[in-house]
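These notes concern the structure reproduced below.
Both backbone and side-chain heavy atoms feed into the values below; hydrogens, waters and symmetry mates do not. Nothing fancy with the numbering, it's 1 onward along the sequence.
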Amino acid sequence: MNIEKIEDVIKLMKNNGVSYMKYKDESVEIELDLKTTVTESASPTTVPTNETQTSHNSTEQNTTIDAEILGTFYLQDEEQLSNPLVKVGDEVKKGQIVGYIESMKVLNEVISDHDGVVEDILISHGDPVEYGQTIMTLK
């Protein structure tokens, strides 16, 4: 099973409210445990097509930018490796690139789905990121 098929299974699990799955046959053994609650709010969540997912936490009024794929997170522009795309305290606009996730040798843009100010960056440049893991929070 390749990484893209696993990502498809994770998306299917999230879309159907499944938080745990285990599969085993002669050549493959997979155990997926999505530790976060799939239905965090009463209203449905739409997953944007730009490789990020945003969700609202109504008690803190923050927005998170979460990884939509497994890979390596990059906070800096690939051409100007000394300049981070965003840092804590920066204002970001909806549609702005805030990082990249490299998966299977392809750079995927991480794009903010909301306007806000970067409150925290939880993944460092060059660190691995898992599907659904929060990359940064906006306020």
Side-chain angles (χ1 to χ4, degrees):
M1 219 176 182
N2 67 32
I3 195 82
E4 291 168 343
K5 289 187 182 206
I6 293 172
E7 290 170 350
D8 289 342
V9 169
I10 292 171
K11 286 179 186 177
L12 188 62
M13 288 173 64
K14 282 195 168 190
N15 289 339
N16 290 290
V18 176
S19 62
Y20 181 82
M21 185 208 83
K22 187 172 184 176
Y23 174 82
K24 182 178 181 180
D25 68 17
E26 304 83 42
S27 62
V28 175
E29 181 173 343
I30 297 172
E31 182 173 1
L32 298 173
D33 186 2
L34 307 180
K35 295 176 183 173
T36 59
T37 306
V38 177
T39 55
E40 293 180 5
S41 65
S43 61
T45 302
T46 303
V47 178
T49 58
N50 59 12
E51 303 302 341
T52 62
Q53 177 181 1
T54 57
S55 61
H56 295 284
N57 184 335
S58 58
T59 59
E60 297 179 6
Q61 299 299 319
N62 288 344
T63 301
T64 62
I65 299 175
D66 302 330
E68 275 296 310
I69 57 174
L70 302 168
T72 304
F73 177 71
Y74 295 107
L75 185 59
Q76 300 167 339
D77 188 312
E78 64 179 318
E79 294 177 9
Q80 300 175 348
L81 292 177
S82 61
N83 298 327
L85 294 167
V86 295
K87 55 189 177 296
V88 174
D90 283 357
E91 184 175 334
V92 297
K93 298 290 182 188
K94 180 179 181 177
Q96 179 178 340
I97 298 171
V98 296
Y100 296 94
I101 297 176
E102 180 182 15
S103 180
M104 306 201 50
K105 299 187 181 194
V106 175
L107 277 183
N108 300 278
E109 296 174 341
V110 177
I111 298 175
S112 177
D113 199 38
H114 294 283
D115 294 341
V117 175
V118 178
E119 182 176 56
D120 198 8
I121 300 173
L122 304 168
I123 307 295
S124 297
H125 178 80
D127 283 352
V129 65
E130 294 184 25
Y131 178 84
Q133 185 174 3
T134 299
I135 295 171
M136 64 183 68
T137 58
L138 305 177
K139 58 180 175 177

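- Between Leu107 and Tyr100, the shortest heavy-atom contact is CD2-CB, 3.9 Å.
- Taken from CD1 in Ile65 to CD in Gln133, the straight-line distance is 14.0 Å, to the nearest 0.5 Å.
- Considering all non-hydrogen atoms of both residues, Glu130 and Ala67 come closest at O-CB, 3.5 Å.
- Nearest heavy-atom pair across Ile69 and Ser103 is CD1-CB, 3.8 Å.
- For Asp120 (side chain) and Val118 (main-chain N/O), no donor-acceptor pair under 3.5 Å exists by modelled atom type.
- Interatomic distance, Ile111 CD1 to Glu68 CD, rounded to the nearest 0.5 Å: 12.0 Å.
- With sequence neighbours excluded, the residues that form a ring pair (Phe, Tyr, Trp, His ring centres under 6.0 Å) with Tyr74 are His125.
- Distance alone, capped at 3.5 Å, places no donor-acceptor pair between the Ser112 side chain and the Gln96 backbone.
- By the side chain to side chain donor-acceptor pair (under 3.5 Å) test, Lys93 pairs with Glu91, sequence neighbours left out.
- Of the possible donor and acceptor atoms, one in the side chain of Asp115 sits under 3.5 Å from a partner among the backbone N and O of Lys94.
- The side chain to side chain donor-acceptor pair (under 3.5 Å) search around Thr72 returns none, not counting sequence neighbours.
- At a cut-off of 3.5 Å, with distance as the only test, no side-chain donor of Asn62 or Thr137 sits close to an acceptor on the other residue.
- Looking at Gln76 and Asn83, their side chains never bring a donor and an acceptor atom within 3.5 Å of each other.
- Residues that satisfy the side-chain contact (heavy atoms from CB on, under 4.5 Å) test with Asp8, not counting sequence neighbours, are absent from this structure.
- Residues forming a salt bridge (Lys or Arg N to Asp or Glu O under 4.0 Å) with Lys87 (at least two apart in sequence, or on another chain): Asp90.
- In this structure, CD in Glu119 is found 10.0 Å from OG1 in Thr63, a value given to the nearest 0.5 Å.
- The closest side-chain heavy-atom distance from Val110 to Ile135 is below 4.5 Å.
- Note: the hydrophobic cluster containing Val9 also contains Tyr131 (ILVMFWY, side chain heavy atoms under 4.5 Å, direct or indirect links).
- Hydrophobic clustering of Ile, Leu, Val, Met, Phe, Trp and Tyr side chains at less than 4.5 Å, counting indirect connections, keeps Ile123 apart from Val117.
- Atom CG of Asn108 sits about 7.0 Å away from atom CD1 of Ile101, to the nearest 0.5 Å.
- Val86 and Ile121 make their closest contact through O-CD1, 3.8 Å (heavy atoms, listed as atom of the first residue, atom of the second, distance).
- Of the residues listed (Val92, Val98, Ile97), the one engaging Leu85 in a side-chain contact (heavy atoms from CB on, under 4.5 Å) is Ile97, and it is the only one.
- Both Val88 and Phe73 sit in one connected hydrophobic cluster of ILVMFWY residues. Membership requires side-chain heavy atoms under 4.5 Å apart, directly or through other members.
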